[in-house]
Structures are given as C-alpha cells and as structure tokens.
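No experiment lies behind these values; they were computed from the predicted model shown.
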Amino acid sequence: MGGSAAVEGSSSSSKYSSGFLASALRRKSLRRSGELRTQNGEGLVRHLGVFELLLLGIGASIGAGIFVVTGTVARDAGPGVTISFVLAGAACALNALCYAELASRFPAVVGGAYLYSYTAFNELTAFLVFTQLMLDYHIGAASIARSLASYVVSLFELFPPFKGIFPSWIGHGGLEIFGGVLSINILAPILLLILTVILCYGVKESSAVNSFMTSLKVIIVILVIFAGAFKVDVSNWSPFAPNGFKAVVTGATVVFFAYVGFDAVANSAEESKKPQRDLPIGILGSLLVCGLLYVCVCLVLTGMVPYKFLGEDAPLAEAFNAKGMPYISILISIGAVAGLTTTLLVGLYVQSRLYLGLGRDGMLPLIFAKVHPTRHTPLHSQIWVGCVAGVLGGLFNVHELSHILSVGSLTGYSVVSACVVVLRWKDMTAGQISTRYISSWHEGVLCLLVVGCCGFASGLFYRFNCSAVLIFIAVLIAILVAVALHFRQNYEEPTGFSCPVVPVLPTVSIFVNIFLFAQLHEEAWIRFVVLSIISVAIYAVYGQYNAGPASSRQTVIYQQAPSLD
C-alpha cells in the first residue's frame, strides 16, 4: 500500500512537472496584423499619429530629473556631466534601435517587451519580464505622484497668500505615523485620481493633455537654455572632468535612467494610426530630442555656476537666483510640474496596456482584458493601476524604495535586445549549423546568456575597483561569444524597420544593460531574485492553467493597422 502510494505520488509529481514545463515553454506565434480576427467584444481605437507618439516618448522621459539630476551628477563629474549624458544616451540608443525593429515587426497590438519575449522565448520568461517591469512602474508612479504633489504645493507657495499654509500631510513629504511605518499624503492620491479619470475617458483626450503638457515643458526648457546661455562663463568649464573619466562613466550609470520612457511608445502599438512607420520614428525621435535637451541644460548649468557650488535639490533654480534671475525659477517650477505630470500620465497609460495584454492571454484574470465599448479604454486595468499607485503614494514614503528601482527597465531592455537576435534566426530547427550535443537555437540562447554574464562580471569588477585585466578578460570573452553568435547562425532581414549590425548591436546592448545592472544597489539584486521566485509561484498556481489556448474563451477585437504598401 505504502509503496503504491509512493509510486502514485511520484507519478503525480512527474506529471505536474512535465505539464508545468510544457506550459512554461509555450511561445506565442508571430502573425501579421491582417490575420487577427474580430469576433465579439470591443477593442482599442487608432488615434495616435507620429506627432502624438513623439510627445508620448518625450513626456515619459523628461520629468523633474532634467532640473535636478543634472546638478547632482555635476557635483562629481563636473562639466563632464555633459559627456555622461552623451554616453547614457548612446547606451539607450542601442536599446531604442532594438525596440524600433520589434515595434515595426510585430502585429500592432499591446504588449511591448512582454509580447516580444513571449514570441521569441516562452511564456514564463514573458511573465517574469512583466512582473519585473510592473514593480518598477507601480513604485515609480507612487513616487512620482508624491514628487508632483510637493512641486504643486511649492508652485502655490510662490504666491504670498499661500506661503506656509499647507501642512506636510497635504503635499510636502507626509505625516508619519506608527513610527514612520505609514506616511500620509493626501494630494498624491488626488492627483492620481484626476489623471486616471482622464486616461479612462479616452486615449484621444489623454493624448491631448500629454501633448499640451509636454509641449509646455519643452518650451520652458528651451527658454531656460536660451536665458542661461547669456550668463555662461566658459572658464567654469575648465577643468572639464575634474575627477577623471571614471567619475564621468559613473555619472552615465546614474543619468541613464533619465532617458527611460521611450519604450512607452512601443506599448501604444494598438492605438497608433500607422504603427509600422510611426512607432520607430516615435521611439528614436523622442530619444534624440531628450538627449539634445539634456546636453544643452548640462552645458548651461555648469557654465553659469562652478560645479562645486551647484545645489542638489534645485540646482537650476538656484543657479538662476545666483545670477539675479529669480523669475526664471517660476518657469522652472511650472516646467517641473508639467514634466512630472506627463511622466506620471504616460506611466499609468503604459501599465494599463500591459495588464490588458496579460488579461487577453489569460495570465491574469479576464477582467483586465475588458475594454469599454464607447470610451475604447481598458477601464478595469486603468482603475486598478490608479488604485495601486494611489494606495502606495498616499500611505507610504516610497521615495525610500528608489534604490531598488530600474531593475525592471534594465531586465526588459536586455530581453528585448535578445529578442531581436532570436527572431532574426531564419528557422528554429532547420537550415542552421548545429552540433550533436545541443541544438542551434539553444546554442544561440546560451551565447546570449554568456554575454549577459560577462557584462555583469565586468560591471562588478569595475564597481569594486578590481584589476583592469579582469575587466579586459570579461570583455574579450563577450567579444568572442558575439563573433560565434554571428557566424554560427543564419539571419534574415525584417520587412519593416531594421536594427543595424545584428547581432553585434543587440549583443553590445545586452552587455551594457547588464553592466549597469551590476552598478545597482545590492538590495535591487535581492529584489530581482525574490520577485522572480514569487512570479514563478504565481505562474505555477494560476498562469499555466489559464494562459495560451485556454484563454481563447475571451475574444478580442483588433482594429487592423493600415498597410504601408
């Protein structure tokens, strides 16, 4: 009896493991948008043109960071902070080129990095990418809402009747209770509620708000640049890199995250009028505009005031006050409010579309896949996203969690770069060079993993000031693996936008992303591991049974994208 029970238990365990593995390794088939069928239900509507997509990317990237981060990094890198932004922009350009190809290549539906990894790799990888990104988005939205509340209060306090009348629990910081476990902030959830209502009302209306606010902040930044240019003393640019090139590189790892947001354009594929043409323009164009504005602000800021005397909280405002131009501070405050508003608005928009994609695939409850029949917005997903951010922003001091952020972005960017390489392979099984011991596909994936490991190792060696020889060895191994990846696979050209120099450019992108990953706080690494374990558990309990073919019980309307032909 006991032996029989043990055999049955072993058989059941083996059956569950094989079922889990079969589900986890499922891939989504890549179809042309014209092949997507409509049955019942409601879908999103194509309202976004190339101009709206450009402003969407700019709105997601440029927040208060342009008024704060520049001064913080300049205190260490000096005027060389300009080079820091150039290096970070170049690193982001690698990711942007990968996003641009996939955004052009895929069916014009929501999903972004989640959809790409689901098609190139497997279901479990896609779910892990989603959860890592989503934690970044949720905490980031709550943190931005708190910052926006503080800036709104500060803007009111520029006028004498409002000076000093706002308590801390309304906007500035929060009212700490229970020994700081909770930090009450009333204005942050109110602002999130307003933006959520706008997003629920319709993409056309929310795009109009984003376009206005983004245009306003870009105009303000340009005015600030021109006003400051007349106060520049070129002698303040010497020495250009007072603490050496390493401080400039370290600064690049910090300001890299000032560019994060261009990927939001890829998540608007289903609402883009001509996604195959406009998405690459939106992704690359918004990154270029942001890079130019960042570089100009850095040059003006470090030229106006010696880098040693720059403030850390509001360096631009303090620089103009020091030059006898306090009225510019009002413009800067307005620009900061506009910048944070658009960053928060686009962040909430992207989150709801990701939830919509997972709801459609069955990896989340089907309520997330519902689209309002007249407003054509994912109402339930949008409300859920707003509620999560509202609770976090209203009750907790999420600024303290900032050191565990950016893990999701770097993870997602690395996977997207790998997706470009994998999806260029002509055939997953036939027509490729292979060995007796491992398939060509698995060999290619193994090469990509080795490149990532080399990037992490070189990042650790650099971070802890190890011998340059160790860094050289890690880089050399990555180069040799990239060469093998190039010659041992057959590649095809995509029909839409083509990322240049594949697989070299995506491989460099993976290396750089994981190098930056190694620069993050140790708690960020712990968060990555813990969240991955939790994600696998959630998938094992719910996702594997509801995703894939089982989700076909819920049908979706896709509005076909017009052909470029």
Side-chain angles (χ1 to χ4, degrees), residues 59 62-72 138-199 209-210 212-214 216-217 220-221 224 310-322 325-348 385-402 405:
I62 295 184
I66 198 169
F67 305 109
V68 179
V69 175
T70 48
T72 303
H138 282 321
I139 297 176
S143 179
I144 293 170
R146 284 214 164 201
S147 295
L148 178 58
S150 180
Y151 271 101
V152 168
V153 170
S154 297
L155 189 59
F156 276 107
E157 289 181 339
L158 291 174
F159 304 96
F162 297 102
K163 189 73 174 178
I165 68 170
F166 295 101
S168 62
W169 52 270
I170 288 185
H172 287 306
L175 176 64
E176 294 189 354
I177 59 177
F178 303 122
V181 175
L182 296 180
S183 178
I184 308 299
N185 187 304
I186 299 299
L187 186 55
I190 293 175
L191 294 172
L192 283 163
L193 174 63
I194 294 171
L195 294 180
T196 299
V197 169
I198 293 172
L199 287 164
V209 172
N210 177 69
F212 171 76
M213 298 294 279
T214 300
L216 176 63
K217 72 178 176 183
I220 289 175
V221 170
V224 167
L310 289 174
E312 293 190 2
D313 295 325
L316 263 182
E318 293 175 15
F320 280 99
N321 287 333
M325 304 169 71
Y327 56 90
I328 298 294
S329 298
I330 299 177
L331 279 179
I332 292 172
S333 296
I334 296 173
V337 169
L340 284 170
T341 300
T342 56
T343 302
L344 186 56
L345 183 75
V346 176
L348 295 173
V385 166
C387 288
V388 171
V391 170
L392 291 176
L395 298 179
F396 301 99
N397 184 10
V398 287
H399 289 309
E400 295 182 359
L401 299 178
S402 60
L405 293 180

State whether the number of non-hydrogen atoms from other residues, nucleotides or ligands found under 6.0 Å of Phe166 atom CZ is greater than 12. yes
Could you give the side-chain donor-acceptor pairs of residues 332-340 under 3.5 Å, partners two or more places apart or in another chain?
unit_1	atom_1	unit_2	atom_2	d
Ser333	OG	Ser329	O	3.1

Give the minimum heavy-atom separation between Glu157 and Lys163, together with the two atoms involved. O-CD, 3.5 Å
Any side-chain heavy-atom pair from Phe320 and Val224 closer than 4.5 angstrom? yes
Side-chain contact test, heavy atoms from C-beta onward, threshold under 4.5 Å: evaluate it for Asn210 versus Met213 and give yes or no. no
Knowing that exactly one of Val209, Val346, Leu345 qualifies, which makes a side chain to side chain contact (heavy atoms under 4.5 Å, CB included) with Leu199? Leu345
From Ile170 CD1 over to Ile186 CD1, what is the distance, rounded to the nearest 0.5 angstrom? 8.0 Å
Which atom names give the shortest non-hydrogen contact between Leu348 and Leu192, and what distance separates them? CD1-CD2, 4.0 Å
Would you please name every residue forming a ring pair (Phe, Tyr, Trp, His ring centres under 6.0 Å) with Phe212, sequence neighbours left out? none
Lys217 side chain vs Gly59 backbone, donor-acceptor pair below 3.5 Å: yes
Could you go step by step and tell me if Leu195 and Leu191 meet the side-chain contact (heavy atoms from CB on, under 4.5 Å) rule? CA-CA 6 Å; Leu195 294 180; Leu191 294 172; 5.6 Å; no
For the atom pair CD1 (Ile177) and CD1 (Ile184), what is the distance rounded to the nearest 0.5 Å? 4.0 Å
Quiz: residues 138-150 side-chain donor-acceptor pairs under 3.5 angstrom, not counting sequence neighbours:
unit_1	atom_1	unit_2	atom_2	d
His138	ND1	Gln351	OE1	2.9
His138	NE2	Tyr355	OH	2.9
Ser143	OG	His399	ND1	2.9
Arg146	NE	Gly393	O	2.7
Arg146	NE	Phe396	O	3.1
Arg146	NH1	Gly173	O	3.4
Arg146	NH1	Ser183	OG	3.1
Arg146	NH2	Ser183	O	2.2
Arg146	NH2	Gly393	O	3.3
Arg146	NH2	Phe396	O	3.2
Ser147	OG	Ser143	O	3.3
Ser150	OG	His172	ND1	3.2

